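All figures in this text were calculated on a predicted structure; none of them were measured in a lab.
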Amino acid sequence: MPRAPKSGAPTSRAPVWRAVVALCVVALSLYVALTQTARLGLDLRGGTHIVLETKDSPTVEADAASTDRALEVLRQRVDALGVAEPGLARSGEKRIIVELPGVQDPRKAAEIIGRTAQLTVHPVTGESPERGGAEPAADGSRTLPDPDRPGNHLTLGPTALSGAGVEDAEALLDQQSLSGWIVSLDFRDKAGEAWARVTGKAACAPRGAPERRVAITLDNKIISAPGVNEDVPCEVGITGGSTRITGGFSQSEARDLAALVKGGALPVPVDVVEQRTVGPTLGADAIAASTRAALIGVALTALFITVVYRLLGALAALALALYGLVSYAALVALGATLTLPGLAGFVLAIGMAVDANVLVFERAREEYLGVRSTNLAKPVRTGFAKAWSAVVDSNVTTLLAAGLLFFFATGPVKGFGVTLSIGVLASMVTALVITRVFADFAVTRRFVRERPALTGIASTGRVRTWLARRDPDLVRHRRRWLAASALLVAVAVAGIALRGLEFGVEFTGGRLVEYSTSRPVDADTARGAVADAGFPRAVVQESGDGDITVRTEHLTDAEQRRVKEALAEPGGTVTVERDELIGPSLGSELRQKALIALAIAVAAQLIYLSARFRWTLAAAAVSAMVHDVLLVVGLFAWLGKPVDSVFLAALLTVIGYSVNDTVVVFDRVREARRRDPRGDLAANANRAVVQTLPRTVNTGMGALFILTALAALGGDSLADFSLALIAGVVVGVASTVFTAVPIAVALERRNPGTRPPARPGGTAQGPDGYSPLEARRKKERGTGAVV
């Protein structure tokens, strides 16, 4: 017979697969981080500055409206090229400024984004060795060189399909023939029918005849003329609404072609009138200060969780360091662009990634205090199991928002969706896999088993001890909390209505002035001079041969002369090389797409939470999120702080944090309802708030350490970003208790739904909301948290 395990011995060991997965993830991340370099954004590295000018076409006049349409087409092309965080803005009536961070081949980029890119599909009506003309004849036909047979020319019939019918284009490796790269096209409904007609007619031609081919042209040049396969039925054609462009493309050629096709044709032609390299928008001093602040904040967070959770906290701090490695490697592997707000968001995500660890440790602490066994492995294992649902739900809601922002938005909002998704996935891997491997290994050591206090889960904790003495009933005064929340929202809305929002240059446009100095002036010195002249928020860059460009909003002629005089002190004689008005880089279409993406994301979160909880709780969570957003926006309105792309990223982070915090509380409510479906929601909600308050305080403190360091030491570039997030964290924690829970209770009492009877073996609750067993344990231990 096998011997029974000794008292206090571990009942199970961590599965080998978990340790193998953790090791593989860390090893792969380390390899990627050491072998690949990150793509830096325009604010950190600089990039290519291109000025385009629109021209009249035979059918469209180049004016402000057509230039705006061309700008949006260019934005889609740049996004398809894989350049994250680009800058595009209209300058004057007919010029477009394009800034591409870290582009290696600016001449090629200028050629691609400046092409008209008119895609058309034609039936082939014959072939000839003679050269024809690109311009269509009277019957709509034209003769162009055959790309597959040099010296041969194809006669093309009238246009059967244009690029306007292409819904999506993607560069793919040809998995069938392995002959190179192809471009996959997805057509819209009517365009798919037109493609079926032209291929169906070609399928009726004899094998080998030129009429069996279909020509795809780009700017009056045949890029592919494939023959229709023999298995395609005559007069039926290729259905399904998609096709492939073949032509022996390289990866870069296929990607460039997909970018042109996906972006669509420019409404008017454009000429490249200027092209040069520009320096970073942030100086070395600002970058160094932000890096120093980030390191200090992370160190304080690691020290805090180590003090609170001792050995397990130290292991979690190590896992968080690995989280930084994993997220950085994922960012590099995907080719995303690192910008200063993106880096700050990752640093903040390190603080928020503490949340999953804190959830697990608090659950393990409850389990251990409830049993007080010498077996530490079981409480830790139970802690991970019970925290799983809250971690998954909170991260899925954030991923829903991030994914929808990526697919429906453009520009910096799309880039934020990428970085947010990477951060969430990396935090889940490190918290639920790497931290668990460390914790399982630690608690099965004999030295640790004999000293349970060393783990940090054997102590009650300061917050839990305070709750035991106070035994608060926070839900009892829910009408007061709702009234206070409504008052705060009214104050915020009043600030927005009365003072308005101070939109940054990305939203409003402004003025761009280029100065030439007789003495060399570096960007940091120029920034200091411009800030001293009264423009601390101006974007200052080195440009061309030592020139300095200053971009800001609301710059009068007198103020422009003041900036010039300020630059004269370090730069000597200063002359104005260029002075022009520029439009917003976050244009109306981009803002509209961002708002649509955000609305869809909120709706998706509402649907998901309704499915996972109940519609009453989902509505309460979304209402609290809207409450938090209004308060942060209202705070910036009253303080006169700028609302720019950095603030937009902060606001999106606040949305994710707000929902995450509310989901953790509602997860406890759901758990109580499963235990006793007929229990009073107010009592369950109050108990959930009390149970999760230690986690809320510890998670909030971890995030605030980093944010405070960024606000105090990160310089002007991150001060407003940090302020928005500090306000969001504080408001998000408070709104869960004082807004989301009261709204949920009110909605539930008006819409109670159908409650099944308590399950056999379930526990009835007393008037205080606790079961008899829980009440007895609470009385015996004197703790306010149910264990």
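- A ring-ring contact (aromatic ring centres under 6.0 Å, His included) check over residues 472-494, counting only residues at least two apart or in different chains, returns the pairs Trp481-Phe738.
- In this structure a side-chain-to-backbone donor-acceptor pair under 3.5 Å is missing from Arg668 to Val664.
- The pair Glu367-Arg381 does not count as a salt bridge, with every side-chain nitrogen at least 4.0 angstrom from each carboxylate oxygen.
- Looking only at side-chain heavy atoms (C-beta outward), Val669 and Leu681 come within less than 4.5 Å of each other.
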Please determine whether side chain to side chain contact (heavy atoms under 4.5 Å, CB included) holds for the pair Ile726 and Leu704, giving the CA-CA distance in whole Å, both sets of side-chain angles, and the decisive distance to 0.1 Å.
CA-CA 7 Å; Ile726 289 173; Leu704 289 175; 4.1 Å; yes
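- Residues passing the side chain to side chain donor-acceptor pair (under 3.5 Å) test with Thr430: none are found, sequence neighbours excluded.
- Here the closest heavy-atom approach between residue Val737 and residue Val741 is recorded as O-CB, 3.8 Å.
- You'll find the side chain of Tyr328 stays beyond 4.5 Å of the side chain of Ser29, heavy atoms only.
- Residues Ala683 and Asp680 share a closest heavy-atom pair of N-OD2, 3.1 Å.
- Residue Trp615 places its CH2 atom among more than 12 non-hydrogen atoms of other residues, nucleotides or ligands, all under 6.0 Å distant.
- A distance of 11.0 Å separates CG in Leu315 from CG in Leu320, rounded to the nearest 0.5 Å.
- Between the side chain of Asn686 and the backbone N or O of Ala682 there is no donor-acceptor pair closer than 3.5 Å.
- Using a 4.0 Å cut-off between a side-chain N of Lys or Arg and a carboxylate O of Asp or Glu, Arg670 and Asp393 qualify as a salt bridge.
- Residues forming a side chain to side chain contact (heavy atoms under 4.5 Å, CB included) with Ala364 (at least two apart in sequence, or on another chain): Ile457.
- Separation of atoms CZ (Arg750) and CG (Leu747) is listed at 7.5 Å; rounding is to 0.5 Å.
- For the salt bridge (charged side-chain N to carboxylate O under 4.0 Å, His left out) test, no residue two or more places apart in sequence or in another chain qualifies with Arg478.
- Put simply, the side chain of Arg310 never gets that close to the backbone of Ile305: no donor and acceptor are under 3.5 Å apart.
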What verdict does the side chain to side chain contact (heavy atoms under 4.5 Å, CB included) test give for Thr696 and Asp661, after you've listed the backbone C-alpha separation in whole Å, the side-chain angles of each residue and the deciding distance to 0.1 Å?
CA-CA 8 Å; Thr696 301; Asp661 197 70; 4.0 Å; yes
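- Heavy atoms from other residues, nucleotides or ligands lying under 6.0 Å from CZ of Arg451 number more than 12.
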For residues 727-735, which side-chain N or O atoms pair as donor and acceptor with protein atoms under 3.5 Å away, sequence neighbours left out?
| from | atom 1 | to | atom 2 | distance (Å) |
| --- | --- | --- | --- | --- |
| Ser735 | OG | Asp628 | OD1 | 2.9 |
| Ser735 | OG | Asp628 | OD2 | 3.0 |
| Ser735 | OG | Val731 | O | 3.2 |
| Ser735 | OG | Gly732 | O | 3.1 |

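- The two atoms that bring Ala390 and Val663 nearest to each other are O-CG1, 4.1 Å, heavy atoms only.
- Residues Tyr323 and Ile434 have side chains not in contact (no heavy-atom distance under 4.5 Å, counting atoms from C-beta outward).
- Side-chain contact between Leu312 and Val360 is absent, with no heavy atoms from C-beta onward closer than 4.5 Å.
- In this structure, the side chain to side chain donor-acceptor pair (under 3.5 Å) partners of Thr435, at least two apart in sequence or on a different chain, are Asn357.
- Between the side chain of Ser427 and the backbone N or O of Val424, at least one donor-acceptor pair lies under 3.5 Å.
- Separation of atoms CG (Asp667) and NZ (Lys386) is listed at 11.0 Å; rounding is to 0.5 Å.
- For residues 313-322, there are no side chain to side chain donor-acceptor pair (under 3.5 Å) pairs, not counting sequence neighbours.
- Annotation: cation-pi geometry satisfied between Arg445 and Phe441 (NZ/CZ under 6.0 angstrom from ring centroid, within 45° of ring axis).
- Counting heavy atoms from C-beta outward, His627 and Ser485 have side chains that approach closer than 4.5 Å.
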From CA spacing to verdict: side chain to side chain contact (heavy atoms under 4.5 Å, CB included), Leu639, Leu723
CA-CA 11 Å; Leu639 296 179; Leu723 175 63; 4.0 Å; yes
Quick one, Arg18 with Asp440, criterion side chain to side chain contact (heavy atoms under 4.5 Å, CB included). Give me CA distance, side-chain angles, the key distance, then yes/no.
CA-CA 11 Å; Arg18 193 178 291 122; Asp440 285 342; 3.7 Å; yes
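- Qualifying ring-ring contact (aromatic ring centres under 6.0 Å, His included) partners for Phe636, counting only residues two or more places apart in sequence or in other chains: Phe647.
- The side chain to side chain contact (heavy atoms under 4.5 Å, CB included) search around Leu606 returns Ser610, Ala618, Val622, not counting sequence neighbours.
- With sequence neighbours left out, the ring-ring contact (aromatic ring centres under 6.0 Å, His included) criterion links Phe304 to Phe705.
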Take Arg365 and Glu362 through the salt bridge (charged side-chain N to carboxylate O under 4.0 Å, His left out) test and state the conclusion after the steps.
CA-CA 5 Å; Arg365 178 178 280 176; Glu362 287 297 327; 3.5 Å; yes
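- Ring pair Phe361/Tyr309 is tilted by interplanar angle, where 30° to 60° counts as tilted.
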Should Glu748 and Thr616 be marked as a side-chain hydrogen bond (donor to acceptor under 3.5 Å, both in side chains) after you check the CA-CA gap, both sets of side-chain angles, and the distance that decides it?
CA-CA 6 Å; Glu748 188 68 17; Thr616 51; 2.9 Å; yes
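- Judged as a side chain to side chain contact (heavy atoms under 4.5 Å, CB included), and not counting sequence neighbours, the contacts of Ala19 are Val437.
- To the nearest 0.5 Å, atoms CG (Leu487) and CG (Leu482) are separated by 12.5 Å.
- Here the closest non-hydrogen pair linking Leu609 and Ala621 is CD1-CB, 3.9 Å.
- Judged by distance alone, with hydrogens and angles left aside, the side-chain atoms of Arg449 form a donor-acceptor pair with the main-chain N or O of Thr444 at under 3.5 Å.
- In this structure, CG on Leu488 lies 8.0 Å from OG1 on Thr739, to the nearest 0.5 angstrom.
- Residues meeting the side chain to side chain donor-acceptor pair (under 3.5 Å) test with Thr397, sequence neighbours left out: none.
- One distance of note links CG of Leu311 with OG1 of Thr306; it measures 9.5 Å at 0.5 Å rounding.
- Summarising the geometry of Trp638 relative to Val491, their closest heavy-atom pair is NE1-O, 2.9 Å, with the distance given to 0.1 Å.
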